[in-house]
Amino acid sequence: MNSNEHPQWQEEQQRVRHVAAEIRERIGSLQEQLGAIRSDIVTLRTHFWDDVTVNFEDAAEAAETYASMKQQAEVLSERERSHKHARAQLLVLERLKDSPYFGRIDFREDGESAAERIYIGIGSLLEKSGETFLIYDWRAPVSGMYYDYAPGPAQYDTPMGRISGTMELKRQYMIRGGEIRSLFDTGITIGDELLQQVLGKQSDTQMKSIVATIQKEQNSVIRDTSSKLLVVQGAAGSGKTSAALQRVAYLLYRYRETLSAEHILLFSPNPMFNSYVSTVLPELGEENMEQTTFQEYIEFRLGDAFDIEDPFRQLDDALTMMDTADYDVRMESIKFKASLSFLQVMERYVNGLKEEGLVFKPVMFQNRELIGAEAMRQQFYAYDPSWSIPNRLRQLVEWLQQQLKQFARAEKRKPWVEDEIELLDQDAYMEAYEALRRKKRFTEESFDDFEQEKAALAAMVVNEHFKPLRSWVKRLKFVDLPATYAALFASPRKALDWAGEAGLPGCWPAVCALTLDRLKRGELANEDTTPLLYLKDRIEGAHRNLKVRHVFIDEAQDYSPFQFAYLMQMFPSSRWTVLGDWNQAIHVQAADRDRFGDLIALFGEEQSKRIVFTKSYRSTRQIVEFTRGMLDGGQVIEPFNRDGLLPTVTYAPDLGAMREQIVRQLETLLEEGHRTLAVICKTAAESQDTYAALKERLPVRLISTETVTFEPGLLVIPAYLAKGVEFDAVILHNASEERYGRESERRLFYTACTRAMHELHLFHTGKVSPFVAQTPPETYIKR
């Protein structure tokens, strides 16, 4: 309803202005308060030692000095906490001043004669008296009714118990610059009018907060606090990621005394996606949680020992090597190494390493072997076999350090040490003297003795050379992890014993040969990264993270069962929120069937909850009706009733003609004012080729795996990097049967098409992809 047509518009507008004036006044007061606190902090830091009595003459004076320092530090810490709190309040008020609230419910509690008016916004605001809320935070318990109920019986839970009553009114607003733009009463969760206005906007470079348009099913995700595992499945554009980010904000609000952003970790699909979602939590006044990708974690843990293949290179290879001799073997290798069956093989292999098979590297010094690999092996396997491998390695480290001490003593008398002593400058002499004086080994007079001086300098020289070696041993670098992993594949027949009843792939010998060949070249295939990391943890000791209490995994359909099992071991005390859509499972290691049921089985039905979103909000009704036709069972996807243009499918006789048509289409879209446009290609090579063809005529930007920021404009991007992101309009480059004809490419094709919010245009040479041909002809325009 147009705002000024509502019978209570003037009354509502008057309240908005009153609240906005109150917010502006509070902002002014807080700014003054912050200025005073900042001044106090600067003064305290500048004159910290002026107010501290320093005296260490005896124990009593030292204790008094410590107490004085502690008191001064506590005063400074309290001022800094006050500044942080006031700053957070100011940020919320700054966001409230232009749009104080977006919803209102009138709720009459059972037994009360009058209803309370509850106005809901992104933050709370109390009257000056501190007794009445002018605005309730959307995360407050009472605010949950706004999302979950229509007018009529309603209830909400509080720490004191459940409150029941009647919702007498539900009203929604769109307020901008302190003025009501839209105002309407509704009987459903969120009125189509408000959602239409939000969804009809152009795509921005960042995902935005959607607290004003949260749907009931999304609210059930956001406020769940009982599930150890929360699985959220949803169609493309159904708001899974948005709900997850609001869930983070809700958890930080509800458990604000004990939970902070550092206790929450999000595994996202790629670095660019991190940029895309980075502003949602700050927009709600919360700190960003840590965001990473599983690949970044792998590279951090495995370092630079290998050329590590990331999942995008793996997918790109799979898409370009389909006609090669090694394709079937590689696909079998990827699928088996992603499975729990291979995890069992690894587990049995590790248990066998307790008795034999662990490979060591010799300790080398100046191209000389000090301690051989065989000597280490014998020492390791001489320890009590009931000890775990990590415990035995710790004992081996102590033994190696003792051996290095003996070698270091012998090295002091070697000619190379004398040579280095001759080259030392005066600073080095003084450094040696000071170090030995601190150890009370010499006085100033005795240091002049030539023999003592020579011995001291020799010790210093040798120690400097042995220091990296001691660190190398301490970090367990003497364990040859790649060789130990390679040994698993060195005897294909022996692996049958480790496989047990599950067995091995029929082409296992070929898988072994392929794996060994890459390892010899210093390459680590993506399918080998998690197994190798698992082996590393089982040998060296698990890297368990007990600090993280909530783990979020977006695009979880692209994670393998092996990876899920590994992550569960890595974060044993965490609660999990897992988001995914099997229709968008594009990576090779993803299973052909819905594996979330297997994940639920790992946690247990009683600790798990699965919520399914079927309505798609991102795209227009026409785009959703077109794209759902590409899927078996796609009719369960419900389009939101937002009209737009039918997608187009355009034929061109050759590549040059097709790109000419694409240029004309892009010029039209740019003239229409679309801010984010994407030309989506199948592979990185196709993206680079297309970019080269377009860059002379259009302001295009090429997106690759190295891209870390999402910016507006015209992008050329591989389909697998566009996951999770949306664009005003999408051009699908060469939607031909030749490019997208295999069943294994269906989900990649669907994912690319569902990135479009308002317009979708497909271009092809030759025969069109069968995924288009099977969609109802009335859902697109053929050109």
Side-chain angles (χ1 to χ4, degrees), residues 301-303 305-306 333 336-337 339-364 369-400 403 472-505 508-525 527-543 562 565-566 569:
R301 288 291 314 281
L302 295 180
F306 295 96
S333 176
F336 183 66
K337 290 174 182 175
S339 69
L340 294 180
S341 295
F342 189 58
L343 178 61
Q344 292 174 357
V345 169
M346 293 290 302
E347 177 69 21
R348 294 186 181 111
Y349 177 58
V350 170
N351 286 334
L353 291 176
K354 294 177 182 177
E355 299 177 7
E356 62 174 348
L358 197 59
V359 184
F360 297 96
K361 290 183 280 190
V363 180
M364 304 294 293
E369 184 179 289
L370 295 185
I371 307 169
E374 178 59 24
M376 283 189 274
R377 190 195 68 79
Q378 290 181 7
Q379 183 69 26
F380 176 82
Y381 284 110
Y383 294 131
D384 189 334
S386 68
W387 294 353
S388 69
I389 292 176
N391 281 342
R392 281 192 266 179
L393 283 178
R394 280 191 281 273
Q395 293 296 317
L396 187 58
V397 166
E398 290 185 16
W399 180 78
L400 287 170
Q403 297 296 308
W472 184 83
V473 167
K474 189 175 181 180
R475 289 181 290 124
L476 305 180
K477 294 298 184 181
F478 57 87
V479 178
D480 196 335
L481 189 69
T484 303
Y485 184 63
L488 173 62
F489 305 94
S491 177
R493 288 187 177 180
K494 192 173 182 180
L496 283 170
D497 297 334
W498 300 319
E501 294 181 4
L504 297 167
W508 178 248
V511 168
C512 290
L514 187 65
T515 305
L516 290 171
D517 182 58
R518 294 193 73 156
L519 290 172
K520 286 175 184 174
R521 298 200 305 266
E523 298 173 4
L524 189 65
E527 60 268 25
D528 289 304
T529 55
T530 310
L532 183 62
L533 203 53
Y534 172 82
L535 180 66
K536 181 181 176 70
D537 283 355
R538 290 298 311 277
I539 290 175
E540 299 178 0
H543 279 238
F562 197 128
Y566 176 76
Q569 291 181 21

#### Entry: Separation between CG of Leu535 and OG1 of Thr530, rounded to the nearest 0.5 Å
12.5 Å
### Minimal non-hydrogen separation, Lys494 against Glu356, with atom names
NZ-OE2, 4.1 Å
### Task
Nearest 0.5 Å please: distance from the CH2 atom of Trp387 over to the CZ atom of Arg394.
11.0 Å
### Message
Closer than 3.5 angstrom, by distance alone: can the side chain of Tyr566 be matched with the main-chain N or O of Pro531 as a donor-acceptor pair?
### Response
no
### Query
Which heavy atom of Val473 sits nearest a heavy atom of Val397, and at what distance?
O-CG2, 3.7 Å
### Query
Is the shortest distance from a Lys or Arg side-chain nitrogen in Asp528 or Arg518 to a carboxylate oxygen in the other one below 4.0 Å?
no
### Message
Which heavy atom of Leu504 sits nearest to which heavy atom of Pro492, and what is that distance?
### Response
CD1-O, 4.3 Å
### Message
Could you measure the distance from the OH atom of Tyr485 to the CG atom of Leu524? Nearest 0.5 Å is fine.
### Response
7.0 Å
### Task
Measure the acute angle between the ring planes of Phe342 and Trp508, then classify it against the limits of 30° and 60° as parallel, tilted or perpendicular.
tilted
### Message
Check whether Thr484 reaches the backbone of Val359 with its side chain - one donor and one acceptor, N or O, closer than 3.5 Å.
### Response
yes
### Query
Any donor and acceptor pair, going by atom type alone, linking the side chain of Lys361 with main-chain N or O of Lys477 inside 3.5 Å?
yes
### Query
What's the verdict on side-chain hydrogen bond (donor to acceptor under 3.5 Å, both in side chains) for Gln569 and Tyr534, showing C-alpha distance, side-chain angles and the deciding distance?
CA-CA 10 Å; Gln569 291 181 21; Tyr534 172 82; 5.0 Å; no
### Distance-only polar pair, side chains of Asn351 and Arg348, donor-acceptor under 3.5 Å
no
### Query
Do the side chains of Phe562 and Met346 get nearer than 4.5 Å, heavy atoms only?
yes
### Query
Partners of Arg377 by salt bridge (Lys or Arg N to Asp or Glu O under 4.0 Å), sequence neighbours excluded?
Glu374
### Query
So, for Phe336 and Pro505, which heavy atoms are closest and what is the spacing to 0.1 Å?
CG-CG, 3.6 Å
### Message
Does Glu355 have more than 12 heavy atoms from other residues, nucleotides or ligands lying within 6.0 Å of its CD?
### Response
no
### Query
Can you tell if the side chain of Arg301 reaches within under 4.5 Å of the side chain of Asp537, non-hydrogen atoms only?
yes
### Query
Would you say Arg392's side chain and Lys354's backbone share a donor-acceptor pair under 3.5 angstrom?
yes
### Side-chain touch Asn391/Gln395, heavy atoms, less than 4.5 angstrom
no
### Distance, nearest 0.5 Å, that separates CG of Leu302 from CG of Leu481
7.5 Å
### Task
Please name all residues satisfying salt bridge (Lys or Arg N to Asp or Glu O under 4.0 Å) with Arg493, sequence neighbours left out, ordered by chain then number.
none
### Task
Find out whether Phe478 and Met376 are in side-chain contact, i.e. whether some heavy atom of one side chain is under 4.5 Å from a heavy atom of the other.
yes
### From NE2 (His543) to CG (Leu533), nearest 0.5 Å
8.5 Å
### Task
Return the set of residues passing side chain to side chain donor-acceptor pair (under 3.5 Å) with Thr529 (not counting sequence neighbours), or none when no residue passes.
none
### Query
Does the side chain of Leu488 reach to within under 4.5 Å of the side chain of Val345, using non-hydrogen atoms?
yes
### Message
So Leu370 and Met364, do their side chains get closer than 4.5 Å, heavy atoms only?
### Response
no
### Polar side-chain atom of Tyr381 near backbone of Gly357 as donor-acceptor pair, under 3.5 Å
yes
### Query
How about Phe360 and Gln379: do any of their side-chain heavy atoms sit closer than 4.5 Å?
no
### Query
Between Pro362 and Trp472, what is the shortest heavy-atom contact and its length?
O-CH2, 3.7 Å
### Query
What is the minimum heavy-atom distance between Phe380 and Leu353, and which atoms define it?
CE2-O, 4.5 Å
### Query
Nearest 0.5 Å, what's the CG-CD1 distance between Leu396 and Ile371?
8.5 Å
